[in-house]
Amino acid sequence: MKITQAFTFEAAHRLPHVPAAHKCHRIHGHSYRIELQLEGEVDPNTGFVVDFFDVEKVFGPVIEQLDHHTLNEIPGLENPTAENIAVWIWEQIKPLVGRMRSVKVFETPFCWAEYDGKR
Ligand SMILES: Nc1nc2c(c(=O)[nH]1)N=C([C@H](O)[C@H](O)COP(=O)(O)OP(=O)(O)OP(=O)(O)O)CN2
Ligand SMILES: [Zn+2]
């Protein structure tokens, strides 16, 4: 069984490795959406794969590090592409990794990166 929990945050960033003429070289903001997908057996007693509240307990402090921050200033996110944010989040949520299947990072409703632990 797979379950997915979504989170949102607002943040600024710039992409330092694109050409200076690329618009994303300049600082700008996104309303990011994160989707965490977990997989496992349904506990016959609780009816849960993982309690969404427990996911929130692990992921809440991670979102706090990102929300209303300039992502480039966060160690490990000096080049904050959607791809790199997805890997960074994966590495932050080690307590859930046994059940984690993928992290999706949406920069817009139409553009996202998905990481499943494999490059
Ligand atoms: N593979 C990737 N390509 C790009 C990334 C990325 O993370 N991975 N990021 C960007 C920029 O962050 C850019 O801000 C993305 O915004 P964009 O898709 O252009 O969204 P807009 O809302 O600005 O789109 P408009 O069409 O201009 O409204 C670029 N590429
Ligand atoms: Zn951007």
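The figures that follow rest on heavy atoms only: side chains count, while hydrogens, waters and symmetry mates do not. Positions are given from 1 along the sequence. Atoms within a ligand are numbered from 1 in the order they appear, just like the ligands themselves. Predicted model, so just to flag it, every value in this text is computed and none were measured.
Heavy-atom minimum distance, C24 versus V18: C-CG2, 4.0 Å.
For ligand 1, the protein residues placed under 4.0 Å by at least one non-hydrogen atom are H13, L15, K23, C24, H28, H30, T81, A82, E83, E107, T108, C111.
One distance of note links CH2 of W112 with CZ of R33; it measures 11.0 Å at 0.5 Å rounding. One distance of note links CZ of R101 with CG of L38; it measures 8.5 Å at 0.5 Å rounding. Atom-to-atom distance recorded for I85:CD1 and Q92:CD is 12.0 Å, nearest 0.5 angstrom.
Under the side chain to side chain contact (heavy atoms under 4.5 Å, CB included) criterion, Q5 pairs with F7, F52, V55, E56, sequence neighbours left out. Evaluation of the salt bridge (charged side-chain N to carboxylate O under 4.0 Å, His left out) rule for D43 yields no partner, not counting sequence neighbours.
Take the Zn ion (ligand 2) and draw a sphere of radius 2.8 Å; the protein N/O/S atoms inside it number 3.
In this structure, the side chain of N84 engages the main chain of N79 through a donor-acceptor pair within 3.5 Å. No donor-acceptor pair under 3.5 Å is formed between the side chain of H13 and the backbone N or O of N72.
Between Y32 and F9, the ring planes are parallel. Angles under 30° get that label, and only those over 60° would be called perpendicular.
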